[in-house]
Amino acid sequence: MPDKQLNLSSLSPAQPREDRKRVGRGLGSGKGRYSGRGIKGQKSRSGSHKMPAGFEGGQPIGPFRTYTQPVNVRDLDRFDAGDEVTPETLVEKRVIKNTRTDVKLLGVGEVTKKLTVRVHAISASAREKIEGAGGTVELLREPKVKKVRHRKAKPSAEEPEATAEDQPEAAAEEAESEAPPEETEGTEE
């Protein structure tokens with residue numbers, strides 16, 4: 001018997017192929033009710049499950065910075081006594097990678113050298129350790145001041161409440177303060 005001749009009609013794969021699992025075709029498909037996508041949400045919808053790397057849905061896009069680059073006091077051992085510590089010198093000493101983010105100095109570790117530190121923010125313990133070693137601290141950016149909401153003071157028990165006799169006088173004072181100022185008559189030419 002002659003060997004089979006190789007042509008397009010006699011080609012077959014080296015290993016038998018298995019059909020892919022057809023998800024989303026009911027409970028009998030082997031993937032169940034939700035087809036392996038879980039319940040609800042953006043990634044369960046059709047066509048929307050491919051997001052770019054680093055995508056965080058629903059986050060506002062803005063120019064405000066929400067994080068800082070932490071640097072510990074122990075990392076300042078690389079500097080000599082009397083040196084100036086700035087974001088640029090931290091990059092030179094390879095403590096941080098770049099100056100694009102603000103630098104905050106934290107108080108982990110000890111410092112024994114007198115240093116002049118200029119960073120964007122500093123913790124209270126780090127400031128205490130640097131100043132304790134004879135160094136100085138300067139902030140490159142003023143710290144944010146939290147707004148204080150003033151609440152109306154509740155009347156204390158010591159103050160007597162207004163009596164009927166006091167009320168007409170108070171009402172007359174309020175009326176005077178709310179009245180518009182009187183206009184002065186000028187000469188017309």
Side-chain angles (χ1 to χ4, degrees), residues 23 31 34-162 166 170 173-174 176-178 180-181:
V23 297
K31 276 293 190 177
Y34 299 110
S35 308
R37 291 173 179 253
I39 301 175
K40 297 186 180 178
Q42 185 177 26
K43 292 182 180 178
S44 71
R45 313 291 185 212
S46 89
S48 67
H49 62 280
K50 293 180 181 172
M51 265 68 80
F55 173 77
E56 294 180 4
Q59 301 300 316
I61 298 171
F64 42 86
R65 188 182 311 278
T66 58
Y67 58 92
T68 56
Q69 175 70 39
V71 175
N72 287 307
V73 169
R74 67 175 174 220
D75 299 328
L76 302 182
D77 285 341
R78 302 176 187 195
F79 293 91
D80 296 326
D83 280 356
E84 185 176 306
V85 179
T86 63
E88 291 78 18
T89 57
L90 289 170
V91 171
E92 289 173 13
K93 298 280 187 175
R94 296 179 182 233
V95 176
I96 60 175
K97 289 185 178 181
N98 55 50
T99 58
R100 283 180 283 203
T101 56
D102 290 356
V103 176
K104 181 171 183 176
L105 193 63
L106 303 177
V108 177
E110 295 298 324
V111 63
T112 57
K113 302 169 186 172
K114 182 178 177 181
L115 300 170
T116 302
V117 179
R118 290 188 178 96
V119 290
H120 298 96
I122 189 168
S123 69
S125 61
R127 180 185 291 269
E128 184 179 303
K129 289 178 182 181
I130 289 172
E131 290 175 351
T136 58
V137 175
E138 295 177 24
L139 293 180
L140 296 175
R141 182 171 291 131
E142 292 296 320
K144 291 182 181 177
V145 179
K146 292 184 179 180
K147 294 181 181 177
V148 179
R149 292 185 178 179
H150 297 287
R151 294 185 178 176
K152 293 181 180 177
K154 293 181 180 178
S156 63
E158 296 173 3
E159 296 177 12
E161 293 188 21
D166 297 338
E173 289 176 6
E174 285 180 19
E176 287 176 10
S177 64
E178 291 177 3

Asker: Once side chain to side chain contact (heavy atoms under 4.5 Å, CB included) is applied, do any residues pair with Ser35, and if so which ones, sequence neighbours excluded?
Answerer: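 Partners of Ser35 by the side chain to side chain contact (heavy atoms under 4.5 Å, CB included) criterion, ordered by chain and then number, come out as Val23.
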Asker: Using side-chain contact (heavy atoms from CB on, under 4.5 Å) as the criterion, point out the one residue from Thr101, Leu105, Asp102 that pairs with Thr68.
Answerer: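 Going through Thr101, Leu105, Asp102 one by one, the side-chain contact (heavy atoms from CB on, under 4.5 Å) with Thr68 is satisfied by Asp102 alone.
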Asker: Do any N or O atoms from the side chain of His120 and from the backbone of Lys104 form a donor-acceptor pair under 3.5 angstrom?
Answerer: no
Asker: Using side-chain hydrogen bond (donor to acceptor under 3.5 Å, both in side chains) as the criterion, list what pairs up with Thr116, not counting sequence neighbours.
Answerer: none
Asker: Just jot down the salt bridge (charged side-chain N to carboxylate O under 4.0 Å, His left out) partners of Glu84, sequence neighbours excluded, or say none.
Answerer: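 With sequence neighbours excluded, Glu84 shows a salt bridge (charged side-chain N to carboxylate O under 4.0 Å, His left out) to Arg118, given in chain and number order.
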Asker: According to side-chain hydrogen bond (donor to acceptor under 3.5 Å, both in side chains), who are the partners of Glu88, at least two apart in sequence or on a separate chain?
Answerer: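 side-chain hydrogen bond (donor to acceptor under 3.5 Å, both in side chains) list for Glu88, sorted by chain: Thr86.
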Asker: So, for Ser123 and Gly107, which heavy atoms are closest and what is the spacing to 0.1 Å?
Answerer: OG-N, 3.5 Å
Asker: For a 4.5 angstrom cut-off between non-hydrogen side-chain atoms, does Glu110 reach Lys129?
Answerer: yes
Asker: Closest approach of Leu139 and Ala121, non-hydrogen atoms and distance?
Answerer: CD2-CA, 4.0 Å
Asker: List the atom pairs, donor and acceptor, that lie under 3.5 Å between side-chain atoms in residues 70-81 and the rest of the protein, sequence neighbours left out.
Answerer:
{"unit_1": "Asp75", "atom_1": "OD2", "unit_2": "Asn72", "atom_2": "N", "d": "3.3"}
{"unit_1": "Arg78", "atom_1": "NH1", "unit_2": "Lys93", "atom_2": "O", "d": "2.8"}
{"unit_1": "Arg78", "atom_1": "NH1", "unit_2": "Arg94", "atom_2": "O", "d": "3.3"}

Asker: Name all residues meeting the salt bridge (charged side-chain N to carboxylate O under 4.0 Å, His left out) criterion together with Glu128; count only those two or more places apart in sequence or in a different chain, and write none if there are none.
Answerer: none
Asker: Check whether any side-chain heavy atom of Gln69 sits under 4.5 Å from a side-chain heavy atom of Lys97, and report yes or no.
Answerer: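 Side chain of Gln69 against side chain of Lys97, heavy atoms only: no contact under 4.5 Å found.
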Asker: How about NZ on Lys31, more than 12 heavy atoms from neighbouring residues, nucleotides or ligands closer than 6.0 Å, or not?
Answerer: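 No.
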